[in-house]
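A short write-up of the structure that comes next.
Chain naming here is simple, since letters A, B, ... match the order of the sequence lines and numbering starts at 1 in each.
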Amino acid sequence: ETGVTQTPRHLVMGMTNKKSLKCEQHLGHNAMYWYKQSAKKPLELMFVYSLEERVENNSVPSRFSPECPNSSHLFLHLHTLQPEDSALYLCASSQDTANTEAFFGQGTRLTVV
Amino acid sequence: DAKTTQPPSMDCAEGRAANLPCNHSTISGNEYVYWYRQIHSQGPQYIIHGLKNNETNEMASLIITEDRKSSTLILPHATLRDTAVYYCIVSPYNQGGKLIFGQGTELSVKP
């Protein structure tokens with residue numbers, strides 16, 4: 001138990017569906033992150049939020065839309081995804097962007113059919 | 001791209017020390033060496049980090065060469081639960097959770 005909780009753990013969605021991934025942390029951290037881990041590829045940083053403001057967007061397609069309503073919650077809204085978007089989506093948090101240790105959630109295994 | 005080079009896989013006997021090497025020959029003066037591990041189907045877990053001195057915590061020891069171009073993570077008494085992919089990452093101190101992962105080393109601890 002890392003203190004970072006992601007829901008759902010597994011998600012199957014069609015290419016025309018709209019769904020959202022949720023991440024919640026109760027560690028009092030001010031920075032939150034979304035990572036993507038595709039099969040046989042390294043983890044890729046997608047988005048960085050600091051104090052609820054997006055500070056980094058690593059060339060992620062617009063079909064992925066993050067939202068950070070407060071410092072404890074982070075969402076990833078998904079729409080019109082492609083099968084190649086199937087991956088493990090991981091949320092992480094750290095005290096702030098200058099802190100050394102990141103805490104990761106268990107991830108959401110997404111399958112796009 | 002990741003700035004580190006690690007062997008893709010290693011085996012270790014249960015109860016023995018696991019020594020995981022990492023090359024980071026282009027490391028900058030303000031960059032730290034971090035180690036994370038990822039057990040199958042879970043999120044990565046922080047292990048340890050260091051700048052130039054050797055570091056030890058309850059999980060592992062980190063040995064950094066004097067020129068800082070390579071390091072070794074040591075798990076002193078490996079258990080079956082240490083089977084995981086181990087990632088060596090170099091990053092400035094102020095990057096926090098903004099980590100650039102490589103392929104890592106898949107460590108298999110065998111009975």
**Study point:** Worked verdict on B:Y46 versus A:F104 for side-chain contact (heavy atoms from CB on, under 4.5 Å)
**Key:** CA-CA 9 Å; B:Y46 166 83; A:F104 284 80; over 6 Å; no
Practice item. Tabulate, in ascending numerical order, the residues of residues 16-23 of chain A having at least one heavy atom closer than 4.5 Å to a heavy atom of chain B, or enter 'none'. Key: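 Listed by number: none.
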Check your understanding: Where along residues 25-32 of chain A does a heavy atom come under 4.5 Å of chain B, listed by residue number?
Key ->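 Those residues of residues 25-32 of chain A which would need a heavy atom under 4.5 Å from chain B do not exist here.
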Review point. So do B:K98 and A:Y33 actually touch side chain to side chain, heavy atoms under 4.5 Å?
Key: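 Answer yes - side chains close enough.
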Review point. Side chains of A:T2 and B:Q42: does their closest heavy-atom pair fall under 4.5 Å?
Key: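 No. Closest side-chain heavy atoms not under 4.5 Å.
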Are [Y] and [X] connected into the same hydrophobic cluster when the rule is that any two of I, L, V, M, F, W, Y join if their side-chain heavy atoms are below 4.5 Å apart?
X: B:V90; Y: B:Y32; value: no
X: A:L51; Y: A:V4; value: no
X: A:L45; Y: A:F75; value: no
X: A:Y49; Y: A:Y35; value: no
X: B:I63; Y: B:L75; value: no

Review point. A:P42 and B:G102: which non-hydrogen atoms are nearest, and at how many Å?
Key: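 Looking at all heavy atoms of both residues, the shortest contact is CB-O, 3.4 Å.
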Please indicate whether [X] has more than 12 foreign heavy atoms, meaning atoms of other residues, nucleotides or ligands, lying under 6.0 Å from its [atom1].
X: A:E84; atom1: CD; result: yes
X: A:R63; atom1: CZ; result: yes
X: B:E106; atom1: CD; result: no

Point to revise | Segment of A:L90 engaging chain B (4.5 angstrom heavy-atom cut-off) | key: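 When you check distances to chain B, only side chain atoms of A:L90 fall under 4.5 Å.
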Exercise for review: Would you please name every residue forming a side chain to side chain donor-acceptor pair (under 3.5 Å) with B:N53, sequence neighbours left out?
Suggested key: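 B:N53: no side chain to side chain donor-acceptor pair (under 3.5 Å) contacts found.
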Exercise for review: Mind ranking A:E44, A:Q37, A:Q6 by heavy-atom pairs under 4.5 Å with chain B and telling me who comes out on top?
Suggested key: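 Counting heavy-atom pairs under 4.5 Å, the top option is A:Q37.
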Exercise for review: To the nearest 0.5 angstrom, please state how far the CD1 atom of B:I100 sits from the CG atom of A:L43.
Suggested key: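 If I round to the nearest 0.5 Å, the distance is 12.0 Å.
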Point to revise | Distance, nearest 0.5 Å, that separates OG of B:S41 from CD of A:Q106 | key: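 Going from the OG atom of B:S41 to the CD atom of A:Q106 covers 9.5 Å.
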Point to revise | Qualifying residues under ring pair (Phe, Tyr, Trp, His ring centres under 6.0 Å), relative to B:Y87, sequence neighbours excluded | key: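 In terms of ring pair (Phe, Tyr, Trp, His ring centres under 6.0 Å), with neighbours along the sequence ignored, B:Y87 is linked to B:F101.
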